[in-house]
Every structure is written in C-alpha cells, then in structure tokens.
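Data first, discussion second: the structure below is written as structure tokens.
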Amino acid sequence: MNTTKYIFVTGGVTSSLGKGIISASLAKLLQSRGFTVTIQKLDPYLNVDPGTLNPYEHGECFVTEDGAETDLDLGHYERFLNVPTSQANNVTTGRIYQAVINKERRGDYLGKTVQVIPHITDEIKHRIKLLGNKFKYDFVITEIGGTVGDIESLPYIEAVRQLRWELGKNCVVVHLTLVPYLKASGELKTKPTQHSVKLLLENGVQPDILVLRTERPINLELRRKVALFCNTDVSSVIESIDVSTIYEVPLKMQEEKLDEAVLRKLGISTEIEPDLKSWSSFVKKLKNPKSSVKIALVGKYVELPDAYKSISEAFIHGGAANNVKVELQWIHSEKITASTASQILGTLDGVMVAPGFGHRGIEGKIQAVKFARENKIPFLGICLGMQCAVIEYARNVLNMTDADSTEFHNATPYKVIDLMEEQKGITDKGGTMRLGAYPCDIKPDTNAFKVYNSAHITERHRHRYEFNNEYLSKFETAGMKATGINPETGLVEIVEIPNHPWFVGVQFHPEYKSTVINPHPVFVGFVKAAVEYAGLNKK
Ligand code: GLN
C-alpha cells in the first residue's frame, strides 16, 4: 500500500480488558492477509520508561532488540507477529514531556508559550506518524494505554481527535469496552459501553468499531442496541468473549470479522482471506497436549504472574513444541530453605530460577539451584538465576564459603559475580543497564549448541553484574563450564555443568525472543529435558 493506515485502539469502562491482545490479534489478522503491520503502545504515566518501575507496579519490563525497556504488551506484539519491536513502539508521557522540555531549553519554540495543545499533542502525533513515515508499514496500530476518562489519557485522545482530521480516510478508531453480565437479573448490560462511548464523544472522537468484552455471547438484538446508541453499524459491533488461551483470540476475531470491519472502513478490499494455518495448528497443539510436566518457576514476584509474563508465555510455546502442557509451579524463593527444598521441589520435572534484582529471596534461589544440581533435575537459570547458579557452585563445590555477587554482599572475599566494568561510574538508574541484543559464541558439544544448533547467536540483555572471569579457570576445572561467550568482550553468557543431564544458566533473557512461530530453542530444549526426566521418574 502506498499510504500508511493508522488504527487507534482505546479502552473504556475498566482497565485489564486486554487491549494489547486485541491489538495484537487484529495485527495478526492483517499480517496474515499479507500486509506489513506494527503495533505501538502509548503509556500515560510520567516515568520515561517502565525500566525503573517495580514489577509489582506494572508487571514485567520487556526489552527490545535495540535495548528499550518497555511495557509488557510489546512482548505480546512480538509473540503474535514474530516481528521485533523497537524504541519507537513504546512512548510514555514522561518521554513526550522530556522531549518537549528539551526542545524548550534549546530554544526551539522561538519564544512561544509551550502548552499541552499544540506542543504536547504535536509531539504525540509525531511519535505516532514516525512509524508510518520512517518504516513505511501498511498499518500502524496504536494502543492508547489507560481508560477513556482518565485525566492522564486526555492529551492522547486529543491527539487522536486531531489525527482523524489530518488523516481522513486513512484512520480508524477501535474502542474496546465491557458488557458485564448481571447475575441477579440474568442480563448482559450495555449501559457502561454507552457511557464510555459518550465520554469519547465528549472528547471529540467517534469510534468506528466497538469490541465488546463479555463472559457470555452477545445476541443480534444487543448488538443492534449498541450500534444504535453508539452511532455505528451493527457489523462494526464485535463480540470478544472469554477464551481459554490468549492465542485463541485471533481466531475468534477472525470469526467475528474484526479485520473485515477495519478494512471496510478504510476502503480496502477484503477479498484475500487471512492465512492462519500455522497459527491454528499451534492452538490445536496447545489445547490437546499429550501429557504434562511440572516445572518450578522460582522467583520473588510470584504473587503477580505478570512479572514473569514472557517467561510463562515462552513455556507455553516450548510446551506446545514438545506436545506437552507445562504446569508451572509458582514458587516463592523465600520459602525455599535447605530443609524445605526437597518437599517443595522433590516431585517436579524441572527447576527454573527467575531473573530479578536485590537481595531478598536470594538464599532460597541458591537452595533451589543446589537441589536441582545435586538431584540432577533439569535446571534453567535466567540472568539472576544464572548468577545464583554460579554463586551456589562456588560455595558448595569450590568451597568458597560466602561467595556472592557484589550486588548483595560487597565485602565478600569471593566476588564471583561482580559489577561490569562499564557500570562502575554509573549512578543513574534509568536506562543504564547493559540492554538489548549482544552476540554470543557457543562452544560445540554442549547443551547450548544442541538447542540452538548454531555457534553464533544474539540474545537480549538487562543486567549490571557479570560472571567474574578471574574465577573462570577454577570453575571450569571443577566442572562448571562457560559454554557461551561474548566474542567482543569475553563476558560469560552461558554456563553449564556437563556431568548433569541438563543444567544451563544464561546471562541473557531468552524469553523475550520466544514467539508462537519461533518457540525459543532454550525453552524447547529445557522442556524436552523435563519430559525426559519425567519419563525416567515413572520407571
Ligand atoms: N540483578 C542482576 C544484575 O543486574 C540480574 C538482573 C536480571 O536478572 N535481569 O546483573
């Protein structure tokens, strides 16, 4: 297509309706018709990026190839589309204001009074159009974070209002709302949807398409009612009913013809049907596993599964690739001690120790590693999980009592994990870690080589500390090998214990690169090892 089309997705009534999944599903349907699509998230908070946010606040921080710390919805976009996102795909109010204030300080506004309208809204519009202008996508889907009516979201909705005028026919607004079921009266209620559309109208935006989240099917009569009250045609009222997995949503949206409604509004032919064969076969596999394995996810934010979103999704992909369901056991690291480890982990088929920051929960993670190592249970350590594996090995095999990471114990006599050289002068917290994709060379005849089937890979990073190479030869002689190394810096990226069936620690985050179409080899390999271990168990 020679002009980029812009699709805005707004949300009404409540948060957590799944705008990210609806945006990703619509994008998938358009991509499956042969179009190029990207999705962008606008977040109305004042943090410049979510990198400084506690996971309890906002769930996982997703990292892109180019090292942006972003909202977890970008993970869904990549998992659905199998196309990497970048810095430009996540914009926050903090970033917008920072850019405007920097321009003001440079004198770019030539003495004008700097205001929300037009300066902030111009900056928002610039960030939206950048994806179309620079990368020439056929479709840019922009998800507006928050709920219509929030004070924080107003400048974004105003930018959408302005863009509708500028873009004319090349723009569509999809509004996602809730149709609650009232048990007492046995009815679905459309009033909250009517009110949220009214709120949008007050802000000058008429939605073209309404997606109604619901627990129960919405009949034609109700759809007609919504269409009538909300100034739209009935074929633009789309039902989005609860499904058992988010990966079913694109199939449901295809049944509901969401993509057709969008294309019709944009005057684009709907003749070519989306090809969702490989997607459907993934969903089929997912819903019909042959057996199951139990894998521990040991972390300190387990009360909030969103904190480990990409990891749990990568296990879903890795499970489907092995025709099994991975039953993740969410285990709080503070519960694991030398005396509880066997009771908590003893019946499981794999142990995964999660990424994280700070001292809380570390000793439990180290106990989990020890239990998996000694009992030859398949083990995967990611980032901090890998660092815990190194600390455990130092303490219990190399007899370096009190070995530690300087993140937790600066005065340790054995700094087996230490601050990276380039981190030493840094004091600011935001955007200053080792972030994004770096290369790694993998040694032959290792589990890492087996899973990747390649000697050269790149993986995404988010950390400040590293394996201290001063100790490398001691570890290797004792039996823990560095099997993946950054060819430019010599940083250890992967450690393994060859006399254990499957013990792999990775300094990077493989979970960020796992998608439906390309389940990540590390997760596929780890789940496979767990399946084999489970088989051994039963004998
Ligand atoms: N806290 C560790 C570091 O900064 C690990 C980070 C992580 O797990 N993402 O190196």
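Note that ligands are numbered from 1 as they come in the structure, with each ligand's atoms numbered from 1 the same way.
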TODO: Would you please say whether a donor-acceptor pair under 3.5 Å links the side chains of E143 and Y77?
DONE: yes

Open item on the list: Just to be sure I understand the cut-off, which residues have at least one non-hydrogen atom under 4.0 angstrom from an atom of ligand 1?
Closed with: P355, G356, F357, C383, L384, Q387, E407, R462, H463, R464, Y465, H509

- [ ] Determine, using ring centers only, whether Y452 and H520 are less than 6.0 Å apart.
- [x] yes

Ignoring hydrogens and angles, write down the donor-acceptor pairs under 3.5 Å from the side chains of residues 470-477, residues two or more places apart or on other chains.
| residue | atom | partner | partner atom | Å |
| --- | --- | --- | --- | --- |
| E476 | OE2 | A482 | N | 2.7 |
| T477 | OG1 | S473 | O | 2.6 |

- [ ] Please find out if less than 6.0 Å separates the ring center of F80 from that of W279.
- [x] yes

Task: Set of residues satisfying ring pair (Phe, Tyr, Trp, His ring centres under 6.0 Å) with respect to H126, sequence neighbours excluded - done: none

Open item on the list: Run the side chain to side chain donor-acceptor pair (under 3.5 Å) test against Q507 and tell me which residues pass, sequence neighbours left out.
Closed with: Q387, H463

